[in-house]
Each structure stands twice: as C-alpha cells, then as structure tokens.
Amino acid sequence: MAPHHAGRTLTAGLVGYGMAGRQFHTPLLREAGCRVTDVVTTDPGRRAEADADWPGVSVHPDLTALLEASRPDVLVVASPTGRHVEHALAGLDAGIPVVVDKPLALDHAGAAAVVGRAEATGTPLTVFQNRRWDAEQLTLARVLAEGRLGDVHRFERRWERWRPVPKNRWRENAVGAGGGLLLDLGPHLVDAAMQLFGPVTGVRAELRALTTPTEDDVFLALDHASGTVSHLWAASLVGAPGPRTRALGSEGAFLVPGHEDSPGPFDVLAPGDGATGWLVRGTESTPVPTAAGGPADFYRDVARWVLDGGAAPVDPADAVATAAVLDAARRSAATGARESPAVSGPVDGP
C-alpha cells in the first residue's frame, strides 16, 4: 500500500533509463505509489520505453535541460557510476533532494565531496542501498536482534554467478570509471556487513580480472570493531555458487542456501514458502519465517523523507564509510597487507 501524504504523490526525475533506471528504480517507484515525471536519456529506444512506462513523461537530452524545464520532488541519479558525482552535485546545487544509486562515487574522496555539498547547500541526500530491504537482510537483522545466534564471530555473503561469457557493457569494461564487481556488487556486500555488524577497522582483499578488463573475481575480509569478521565474495566465473548467506554464532548459525540472482546447487536446500533461511545447530535445522518488508519500502521511505520531513532511508555517511572500505580493498589487493579504511564505519552500526 502506498503511503499517504495529504493527497501528494511523490514525483521523480530519473537521470538514466538503462538497467538501473528502468529495471530497478522504475518498478519500485511504481510499487511505492510514486510517479516518474522526467527522464534523462539520449537513446531513442530508452526514450520509447520511458514514454510507454510513464505516459506523459518529459524526456530530456541531459540533466541541465531537465533542471531548466522541471522541478520534480526528487532527483534519482541512475546514470553510469563514473557520472554519479557530477549528476549528484548538479541536483544538490539546484536544491532538489537527491537519491544516488550505489555507489555514491568512485572512491571515498568523491563520496565525501558529495556529502559535503549536500551539507553546504542544505539539500537532502540519500543513497539507493536497496539490498537493505532484501528478505535475507531483514530476516537476519531480526534474528540478530532476538539474540538467537549469540555472539556472531563470522558473517559470510556471496554474490556468485556462472557467467563464463561476460556481457559487453560499461559495467564490465569501464576500467577506472566504475566498471567491475568491486563497485557494482561490492557496495551491497560491504553495506550489508556494516549495517549488521558495525564499523570496519581492517580490510584484506583479493581482486582479479578473469574474463573482463575490470575485476570479476572479488574477495573481501572485513574486521569489525565488534569482533565479527565478514567474508564477502562477488564473482562471475563460479560454476557452483556457494551458500548465499551464513552467520556463525556461539548459539547457532543462520543459513540462506541460495538466491534467485545466482541459481546454484544449494537451491535444493531452500526452506520453502514463507521462510528465508534456516536456524541451524549441528544436525538440527529450523526454517526462519521471513521478516516483514520489501525493496519498495525504500521509496516509501523516500516519500516520507521528502514530503513529510522524515528520516533519510539511508544516511549518506554510511555510503562514505562504504567507499572508504572499498578504497582500502584496492590498497590491500595491491600490497597484500591488511589495510585500514579512512573512516570508522556507518553511523547505523551497533
């Protein structure tokens, strides 16, 4: 059900109508009861898609033209990663609340600069960390809050796929401009770990390019100040994707066998309808009911944030902390040593 805001419907301008804009933001905006009034694209096919998806939408050749012609309630930056900073700064300078798709920027310096501009202009800013609203994340957060695992010493999450023939897109090919799995899937993995287990004090990383010019084989080991160690994988050349999520504690473990984004042999262990994962203690396993919520809640929260003055769905300081961890991962992969992030971690951590 869409939230009510004294008869107001949140209007959004989408910068970019490719995979991110059309496949991720558009369905969630629609489900949350919001309306896209403006789209920035120069591609004729994407223009036709925007016209079909949102009758009456205004399509602009660039962000400058949108800002000159219209003022939506929120500007959603869904352009290629290398242009996030440029487009976010333009929206903030125009005084329009901005949602930036992850990652906020290519590195910590860029992310910090965007947050600094938001503070200087007094313009609201948030980041599309939509995977916080995935069933596995919501359900594990509830299990942890209930103390059912005891003290968690290790957290694992895998985003592995079998894609031996890579797609030919900027996401795979844009070396130094946002391509590669470290900046594509890494922000989701790191944000999830820090949301659950708090600030990161050290990073060890392995990054390899096996089938693409950018890294397509990523492993991160994060040391949290809380004592938990997170092991995170993102890889495209994985014939047998491993268990999606595993959290190991003094009182048991939480296991999510597989995920629809990366089908694999562990899918046969799916717990069935109404459950997300298992609570496991040796040979004893119990299905865990799925926690309430879903990805469209991000945009429901955006509507409350913009129209009612509610809290930002994602504190942009969290995205700056994530960028610092990813920078440390690059340094660790180059040096082979444990590296410390530039900042301590997200404000939302325990």
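This is a predicted model, so every value here is computed, not measured. Throughout, residue positions are numbered sequentially from 1 according to the sequence presented. Computation of the quantities below employed the complete heavy-atom set of this structure, encompassing side-chain atoms and omitting hydrogens, waters and symmetry-equivalent molecules.
Listed for the His84 side chain is a donor-acceptor partner under 3.5 Å among the backbone atoms of Ser79. With Asp73 contributing its side chain and Thr11 its backbone, the two residues share a donor-acceptor pair below 3.5 Å. Remark: the backbone N or O of Ala135 is paired with a side-chain donor or acceptor of Thr139 at under 3.5 angstrom. At least one donor-acceptor pair closer than 3.5 Å links the side chain of Arg71 to the backbone N or O of Ala94. A donor-acceptor pair under 3.5 Å is formed between the side chain of Arg281 and the backbone N or O of Glu251. Checked by atom type and distance alone, the side chain of Asp308 never pairs as donor or acceptor with a backbone atom of Gly310 at under 3.5 Å. A distance-only check finds a donor-acceptor pair linking the side chain of Thr126 to the backbone of Val314 [under 3.5 Å]. Looking only at distances, no side-chain donor or acceptor of Ser285 sits under 3.5 Å from a matching main-chain atom of Val280. Checked by atom type and distance alone, the side chain of His224 pairs as donor or acceptor with a backbone atom of Gly198 at under 3.5 Å. Side-chain atoms of Trp278 come within 3.5 Å of backbone atoms of Leu269 as a donor-acceptor pair (strictly under, hydrogens ignored).
Annotation: side chain of Pro316 is not in contact with side chain of Glu119 (no heavy-atom distance under 4.5 Å). Counting only heavy atoms from C-beta outward, the side chains of Asp134 and His188 never approach each other to under 4.5 Å. Looking only at side-chain heavy atoms (C-beta outward), Phe254 and Leu144 stay at 4.5 Å or farther from each other. Side-chain contact between Val302 and Leu29: absent, with no pair of heavy atoms (C-beta onward) separated by less than 4.5 Å. At least one side-chain heavy atom of Met194 sits under 4.5 Å from a side-chain heavy atom of Thr322. Between Val229 and Arg204, some side-chain heavy-atom pair lies under the 4.5 Å cut-off. Looking only at side-chain heavy atoms (C-beta outward), Asp53 and Val36 stay at 4.5 Å or farther from each other. For the pair Ser236/Pro164, no side-chain contact is recorded, criterion being any heavy-atom separation below 4.5 Å from C-beta on.
Tested against Arg117 for a side-chain contact (heavy atoms from CB on, under 4.5 Å), the candidates Asp93, Val98, Thr123 yield a single pass: Asp93. Of the residues listed (Val190, Asp223, Val325, Leu326), the one engaging Val203 in a side-chain contact (heavy atoms from CB on, under 4.5 Å) is Val325, and it is the only one.
Between Tyr299 and His25, the ring planes lie perpendicular to each other; the angle is over 60°, past the 30° to 60° tilted range. Ring orientation note: the planes of Phe219 and Trp233 are tilted relative to one another, at an angle of 30° to 60°. Using cut-offs of 30° and 60° for the angle between ring planes, the Phe197 and Phe155 rings count as tilted.
For the pair Arg300 and Trp305, the cation-pi test (distance below 6.0 Å, angle within 45°) is failed.
The two atoms that bring Leu66 and Asp38 nearest to each other are CD1-CB, 3.5 Å, heavy atoms only. Smallest separation of non-hydrogen atoms from Ala20 and Asp101: CB-OD2, 3.4 Å.
Salt-bridge annotation for Asp318 and Arg132: present, with a side-chain N of the basic residue lying under 4.0 Å from a carboxylate O of the acidic one. At a threshold of 4.0 Å, the pair Arg330-Asp107 does not count as salt-bridged, since none of the basic side-chain nitrogens sits closer than that to a carboxylate oxygen. Remark: Asp216 does not engage Arg163 in a salt bridge, criterion side-chain N to carboxylate O under 4.0 Å. By the 4.0 Å N-to-carboxylate-O rule, Arg208 lies too far from Glu206 to be salt-bridged with it. Salt-bridge annotation for Glu172 and Arg169: present, with a side-chain N of the basic residue lying under 4.0 Å from a carboxylate O of the acidic one.
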Quiz item: What's the verdict on side chain to side chain contact (heavy atoms under 4.5 Å, CB included) for His231 and Arg154, showing C-alpha distance, side-chain angles and the deciding distance?
Solution: CA-CA 8 Å; His231 282 180; Arg154 187 177 307 281; 2.9 Å; yes
Quiz prompt | side chain to side chain contact (heavy atoms under 4.5 Å, CB included) evaluation trace for Lys102 with Asp184 | solution = CA-CA 8 Å; Lys102 61 76 206 164; Asp184 185 13; 3.1 Å; yes
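Atom CZ of Arg35 is surrounded by 12 or fewer heavy atoms from other residues, nucleotides or ligands within 6.0 Å.
If you chain together hydrophobic residues whose side chains sit under 4.5 Å apart, Trp133 and Val99 fall into the same group.
Arg157 and Thr245 are linked by a side-chain donor-acceptor pair at a separation below 3.5 angstrom, with hydrogens and angles left out of the test.
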